J.: 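Handing you a structure now.
What you see is a predicted model; the values in this text were computed from it and never measured. Counting begins at 1 with the first residue of the sequence.
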Amino acid sequence: MPSCSWLILFIHLLTITGFSFCFSNYISSEEKLNIPAIAKYFSTKGRYEEVNPHLIEDILAVNRSILQLPSEQCREIHLTAIIRHGTRYPTSKNVKKMQTLYQLVKNSASGKESWLREIQTQWTMWYTEDMDGRLVQKGVNDLKNLAVRLSKLFPSLVSEENLQNGLFQFISSSKHRCVNSTLSFKAGLTEQWAIEDQEFDHAVNDALMRFFDQCTRFLQEVDNNPSALTEVDKFKQGSEMRRVQEKIADRLNVPYNDITHDMAEAAFYLCAYEFAIKTVNSPWCRLFDEVDAQVMEYANDLKQFWKRAYGYDINSKSSCILFHDVFNRLDKAAAEIKSGQLLSEAVTIQIGHAETLLPLLALLGFFKDSEALTSINYATQTQRSFRTSYMLPYAANLILVLYDCGEGDLRLQTLLNEKPVTFPGLTDLQRAAMPYYHDVKELYSELLQGCDFETECQLFNNPAGA
């Protein structure tokens with residue numbers, strides 16, 4: 001589409017010319033006051049700064065002490081990062097829901113509250129369907145700033161020398177928000193190092209970044225199968241969600257029947273998008289208290305659990321192709337170091353979607369609770385580790401860094417959203433400092449020897465099971 005090409009060119013021009021405020025480290029106290037009380041429950045619509053609050057004070061802050069190298073002679077030799085695109089506009093589907101809610105509130109709601117009057121008389125519906133998930137300026141900044149922070153966290157890998165010597169590889173999903181995020185990440189580096197009049201190529205690879213679109217078994221048994229999300233539907237119709245909808249109706253003074261789950265979700269999204277895109281504590285946020293927001297978060301977590309994570313085996317197995325790609329890159333770097341060769345690739349930056357990251361995290365076993373998320377155990381899941389608000393904000397990232405600590409001692413550091421995480425299943429002894437690479441490979445030996453994308457995604461396999 002011409003409009004997509006034009007937007008990519010426009011964003012690219014913005015990033016190359018540096019027409020951006022992303023390198024301003026100072027965050028005003030007024031901006032901090034603009035954070036909604038429910039911002040930490042926005043799930044996949046949340047800001048990266050809510051996961052890393054120190055960035056609110058200084059968007060380029062890093063803490064290298066988190067790396068905890070086992071010895072001083074350890075040196076980083078390869079970094080692979082799988083990154084979600086930056087902050088984006090809502091999809092056309094969600095814009096339609098938001099427009100419907102806005103008309104309802106404008107024409108039917110009554111009350112004297114100042115926030116309601118603000119929605120009805122001052123706030124305008126500025127979201128349009130043609131925005132359809134495109135990257136916003138905040139999303140450009142998300143990726144530029146992440147690039148700078150990674151260069152500070154891993155300076156010998158994410159370096160100007162390695163970029164100029166062709167030791168970076170950039171891979172993107174074909175979606176415009178991912179391509180523009182890739183351009184933004186590159187611009188973060190080139191602006192920092194004052195590199196001008198030079199282009200660094202990226203490859204579009206949907207087989208890696210949108211594997212879920214090409215896994216026939218996942219598409220038929222989960223994505224296009226309404227019964228796969230039965231638990232989600234039950235929760236939407238359950239008492240917790242019904243109470244949230246009734247409270248919204250009471251606040252607007254409209255009939256209960258007017259506030260469906262779609263309308264409650266639209267209100268939650270309006271609050272989330274106004275904050276993520278514009279850093280505004282919108283009057284729409286007044287439709288929810290913290291208890292309501294926790295229910296809305298759980299509804300989204302439930303959907304992600306059953307559609308992209310532990311609900312069905314094929315959800316995580318659909319990421320086998322990306323899993324093998326990651327370990328092949330690590331293996332190649334390990335082999336080159338052991339044989340005394342020069343490294344052929346120092347940094348791999350792969351930019352995709354929340355739906356790219358979550359199946360891989362599930363395949364690796366991260367954030368798996370002892371009990372599955374269901375429609376009836378909301379009350380007992382308040383301390384769950386499976387929280388998409390924490391795992392998958394905009395610009396979420398999984399970073400794997402291979403270290404050479406001398407005499408064949410290879411270690412693997414793993415970060416999620418720039419915080420160290422430990423591989424589930426390693427013993428306490430193996431977890432000390434950063435694990436040996438061979439221990440990590442042993443942990444995932446069955447997957448490394450199997451987990452074949454073509455085989456897993458064929459339809460004649462056993463039906464998807466929990």
Side-chain angles (χ1 to χ4, degrees), residues 43-45 80 82-85 88 91 93-94 132-133 171-175 177-178 204-236 299-328 350-369 372-375 386-388 391-392 396-398 416 424 444 446-466:
S43 304
T44 56
K45 308 296 185 288
T80 285
I82 299 113
I83 305 171
R84 185 190 179 195
H85 58 76
R88 62 166 175 80
T91 60
K93 178 182 176 182
N94 283 330
D132 197 22
I171 298 169
S172 174
S173 152
S174 62
K175 291 290 184 179
R177 54 187 171 272
C178 297
V204 170
N205 188 335
D206 281 347
L208 281 180
M209 297 291 96
R210 293 184 61 83
F211 50 76
F212 43 88
D213 279 345
Q214 303 181 29
C215 182
T216 308
R217 185 174 160 219
F218 166 75
L219 292 174
Q220 182 161 321
E221 296 185 1
V222 181
D223 198 33
N224 298 325
N225 177 11
S227 66
L229 298 184
T230 298
E231 289 298 318
V232 181
D233 295 334
K234 286 180 180 177
F235 186 74
K236 288 179 180 179
N300 190 63
D301 285 353
L302 200 56
K303 178 182 177 182
Q304 299 296 337
F305 181 92
W306 287 96
K307 192 170 184 178
R308 301 290 176 181
Y310 295 110
Y312 301 101
D313 186 56
I314 190 57
N315 294 345
S316 60
K317 292 290 179 62
S318 66
S319 72
C320 284
I321 189 170
L322 181 57
F323 169 85
H324 282 296
D325 180 79
V326 167
F327 277 94
N328 286 342
Q350 300 176 306
I351 297 184
H353 308 265
E355 297 89 347
T356 309
L357 261 174
L358 185 52
L360 181 63
L361 290 173
L363 189 67
L364 294 170
F366 287 110
F367 306 106
K368 186 173 186 179
D369 296 289
L373 276 64
T374 71
S375 58
F386 189 91
R387 268 207 157 80
T388 54
M391 299 154 60
L392 295 168
N397 51 83
L398 176 67
L416 180 70
Y444 297 114
E446 286 189 22
L447 290 173
L448 287 167
Q449 292 163 19
C451 200
D452 177 71
F453 180 82
E454 298 296 334
T455 303
E456 296 294 344
C457 290
Q458 287 176 352
L459 280 174
F460 57 76
N461 281 355
N462 293 328

J.: Could you walk me through whether Val326 and Leu398 satisfy the side-chain contact (heavy atoms from CB on, under 4.5 Å) test, starting with their C-alpha distance in whole Å, then the side-chain angles of each, then the deciding distance to 0.1 Å, before giving a yes or no?
T.: CA-CA 11 Å; Val326 167; Leu398 176 67; over 6 Å; no
J.: Taking atom NZ of Lys175 and atom CG of Asp132, what is their separation to the nearest 0.5 Å?
T.: 7.5 Å
J.: Is there a donor-acceptor pair closer than 3.5 Å between any side-chain N or O of His85 and the backbone N or O of Ala354?
T.: no
J.: Taking Phe327's backbone N and O only, do any of them form a donor-acceptor pair with Tyr444's side chain (distance below 3.5 Å, no angle check)?
T.: no
J.: Which pair of heavy atoms, one from Phe235 and one from Leu302, lies closest together, and at what distance?
T.: CB-CD2, 3.5 Å
J.: Measuring from Asp301:CG to Phe367:CZ, what's the distance to the nearest 0.5 Å?
T.: 11.5 Å
J.: Which heavy-atom pair separates Met391 from Leu358 by the least distance, and what is that distance?
T.: CE-CD1, 3.4 Å
J.: Does a side-chain heavy-atom distance below 4.5 Å link Leu322 with Met209?
T.: yes
J.: Are any side-chain N or O atoms of Trp306 and backbone N or O atoms of Leu373, one a donor and one an acceptor, separated by less than 3.5 Å?
T.: yes
J.: Taking all non-hydrogen atoms of both residues, which atom of Ser173 and which atom of His353 are closest, and how far apart?
T.: OG-NE2, 2.8 Å
J.: With sequence neighbours excluded, what pairs up with Cys320 under the disulfide (SG to SG under 2.5 Å) test?
T.: Cys451
J.: Roughly how far, to the nearest 0.5 Å, is SG of Cys178 from CG of Asp206?
T.: 8.5 Å
J.: Closer than 3.5 angstrom, by distance alone: can the side chain of Asp223 be matched with the main-chain N or O of Phe218 as a donor-acceptor pair?
T.: no
J.: First locate atom CG of Leu219, then atom CZ of Phe212, and finally report the distance between them rounded to the nearest 0.5 Å.
T.: 9.5 Å
J.: Determine the minimum heavy-atom distance between Tyr310 and Phe366, stating which atoms define it.
T.: OH-O, 2.6 Å
J.: Hey, is the main chain of Ser174 close enough, under 3.5 Å, to the side chain of Arg210 for a donor-acceptor pair?
T.: no
J.: Apply the side chain to side chain donor-acceptor pair (under 3.5 Å) test between Gln350 and each candidate in Thr356, Asn205, Asp325; give the one that qualifies.
T.: Asp325
J.: Write down the atom of Asn397, the atom of Leu357, and the distance for their closest heavy-atom approach.
T.: N-CD1, 4.1 Å
J.: Can you confirm whether more than 12 heavy atoms, excluding those of Lys236, are under 6.0 Å from its NZ atom?
T.: yes
J.: Hey, would you say the Phe386 and Phe305 ring centroids sit under 6.0 Å apart?
T.: yes
J.: Which value, rounded to the nearest 0.5 Å, describes the distance between Ile351 atom CD1 and Ile82 atom CD1?
T.: 11.5 Å
J.: For Leu447 and Leu363, which heavy atoms make the closest approach, and how far apart are they?
T.: CD1-O, 3.7 Å
J.: Rounded at 0.5 Å granularity, tell me how far CD in Gln304 sits from CD in Glu355.
T.: 6.5 Å
